[in-house]
Amino acid sequence: MVEPAAARERVDALLRRTGMTADELALVRVVPLFAGLPLDSLAALLADARVHEHPRSATLFLQGDRADRFYIVLDGWVRLYRETPDGAEITIALFARGESFAEAAMLGPARFPVCGVVAEPSRLLHVPASSFLGALEADRMLCRNLMASMARRLQAFVRQIESLARRSTVERLAAFLVKLCEGRRPPVELDLPLDKTLVAARLGMQPETLSRAFARLRRLGVTTVGHRVRIEDVDALRTIAEPDEG
């Protein structure tokens with residue numbers, strides 16, 4: 001059994017090496033990819049991982065670049081997109097705090113199939129492919145976690161597609177706002193974590209449709225000034241966000 005003092009030393013060493021805070025390490029330990037891993041296994045996996053801070057609009061990788069790393073969002077938002085032949089950008093996914101992305105790209109042709117860009121100022125943990133793949137070969141639990149993580153990601157995309165088909169634009173916006181209100185007492189005032197164009201993309205609608213959805217929520221006490229949103233009654237908003245529950 002590892003003594004508390006020895007465990008504390010190992011945690012401190014991992015924090016110093018990676019640049020994470022204690023709270024960020026706690027966040028990383030519940031990322032689905034790492035769930036259930038003992039600290040020693042996690043420390044070995046993150047032997048070469050480092051925290052980097054990125055400004056808004058910073059490019060992480062381009063479509064076709066060698067997939068030599070994956071990322072965990074410690075704070076901020078990251079957008080993945082593909083470019084069409086005519087130069088348009090199609091948003092594929094948006095990742096927020098506590099989510100990992102790009103890990104699967106290392107297991108296929110080892111090329112990023114999309115572009116990655118920082119949507120809002122972010123702190124990201126960069127995990128190099130070399131140490132990750134080495135740990136993957138040596139750790140069956142990590143292999144199972146990776147497969148389970150990719151399965152959950154696929155299920156999440158299926159649920160997202162289902163939500164787009166089943167929920168109205170107002171219901172989707174209400175659900176997004178309710179999630180942002182978690183842990184806060186009404187009335188809630190918050191800043192949208194993304195510009196409205198990206199919020200619209202995340203919710204599967206056009207920016208003008210998003211504006212109309214906000215207008216329809218005014219009757220529930222939802223008001224906006226720029227990126228600032230005020231929500232008077234979160235419970236009322238929840239009834240719109242979860243119409244099938246009750």
Side-chain angles (χ1 to χ4, degrees), residues 1-58 60 69-80 93-103 116-129 131-132 135-136 139 141-142 144-146 148-150 152-153 156 175-186 188-195 198-199 202 227-229 231 234:
M1 182 176 180
V2 179
E3 295 295 328
R8 181 69 255 173
E9 289 177 2
R10 292 179 183 179
V11 168
D12 288 344
L14 178 59
L15 297 180
R16 287 194 301 271
R17 187 170 68 248
T18 61
M20 286 189 289
T21 66
D23 287 343
E24 289 170 343
L25 176 59
L27 180 70
V28 168
R29 296 195 74 175
V30 297
V31 170
L33 181 60
F34 304 135
L37 286 179
L39 180 62
D40 286 347
S41 295
L42 182 64
L45 176 64
L46 301 180
D48 300 319
R50 298 291 184 272
V51 172
H52 295 267
E53 296 191 1
H54 299 276
R56 182 179 182 179
S57 301
L60 298 174
R69 62 204 178 279
F70 74 93
Y71 305 82
I72 299 170
V73 183
L74 303 176
D75 192 32
W77 288 78
V78 171
R79 179 171 72 104
L80 303 186
L94 290 160
F95 293 92
R97 185 174 185 270
E99 296 180 325
S100 61
F101 64 95
E103 60 270 32
V117 65
V118 176
E120 292 294 333
S122 300
R123 277 175 62 86
L124 306 178
L125 184 66
H126 294 218
V127 184
S131 56
F132 174 78
L136 194 62
D139 195 322
M141 180 180 288
L142 183 58
R144 290 195 296 268
N145 280 16
L146 177 64
S149 178
M150 289 190 293
R152 281 191 289 268
R153 184 71 50 78
F176 179 75
L177 294 175
V178 166
K179 187 173 182 180
L180 294 180
C181 291
E182 288 179 357
R184 306 190 190 195
R185 293 183 178 180
V188 176
E189 292 193 7
L190 52 87
D191 289 313
L192 292 177
L194 301 164
D195 67 47
L198 290 180
V199 172
R202 182 177 175 89
H227 283 206
R228 192 74 175 169
V229 180
I231 300 167
V234 178

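Everything numeric in this text was worked out from a predicted model, so none of it was measured. Hydrogens, waters and symmetry mates are skipped; everything else that's a heavy atom, side chains included, is used.
Using a distance-only test at 3.5 Å, with no hydrogens or angles considered, no donor-acceptor pair links the side chain of Glu99 to the main chain of Arg97. Of the possible polar contacts, one joining the Ser122 side chain to the Glu120 backbone as a donor-acceptor pair under 3.5 Å is found.
Heavy-atom minimum distance, Ala96 versus Val73: O-CB, 3.3 Å. Nearest heavy atoms, Leu25 versus Leu42: CD1-CD2, 4.0 Å. Of all non-hydrogen atoms in Pro186 and Ile231, the two that sit nearest each other are CB-O, 4.5 Å. Contact between His227 and Asp195 at its shortest, heavy atoms only, is CE1-CA, 3.5 Å. In terms of heavy-atom proximity, Leu80 sits nearest to Gly116 at CD2-CA, 3.7 Å.
No side-chain heavy atom of Ile72 sits less than 4.5 Å from a side-chain heavy atom of Leu124. For the pair Glu53/Val118, no side-chain contact is recorded, criterion being any heavy-atom separation below 4.5 Å from C-beta on. No side-chain heavy atom of Val188 sits under 4.5 Å from any side-chain heavy atom of Leu180. Proximity of Leu14 to Val11: side-chain heavy atoms (C-beta onward) are nowhere separated by under 4.5 Å. At least one side-chain heavy atom of Phe101 sits under 4.5 Å from a side-chain heavy atom of Leu60. With a 4.5 Å cut-off on side-chain heavy atoms, Arg17 and Arg50 count as touching. Contact annotation: the side chain of Leu74 approaches that of Val28 to within less than 4.5 Å [non-hydrogen atoms, C-beta and beyond].
With sequence neighbours excluded, the residues that form a ring pair (Phe, Tyr, Trp, His ring centres under 6.0 Å) with Phe70 are Phe132. Residues satisfying the side-chain hydrogen bond (donor to acceptor under 3.5 Å, both in side chains) test with Arg69, not counting sequence neighbours, are Tyr71. For Asp48, there are no salt bridge (charged side-chain N to carboxylate O under 4.0 Å, His left out) partners, not counting sequence neighbours.
Glu182 contributes atom CD, which lies 12.0 Å from atom CG of Leu177 (distance to the nearest 0.5 angstrom). Summarising the geometry, atom CZ belonging to Arg184 is positioned 5.0 Å from atom CG belonging to Leu190; distances are rounded to the nearest 0.5 Å. Considering OG of Ser57 and CZ of Arg79, their distance stands at 9.0 Å, rounded to 0.5 Å. Taking CG of Asp191 as the reference point, atom CZ of Arg228 lies at 4.5 Å (rounded to 0.5 Å). In this structure, Phe34 CZ and Leu45 CG are separated by 4.5 Å, a value rounded to the nearest 0.5 Å. Note that CG of Asp75 is 8.0 Å distant from CD of Glu24, once rounded to the nearest 0.5 Å.
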Between Met20 and Leu46, is the side-chain contact (heavy atoms from CB on, under 4.5 Å) condition met? List the steps. CA-CA 11 Å; Met20 286 189 289; Leu46 301 180; 4.2 Å; yes
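Between His54 and His126, the angle of the ring planes stays under 30°, which puts this pair in the parallel group of the 30/60° scheme.
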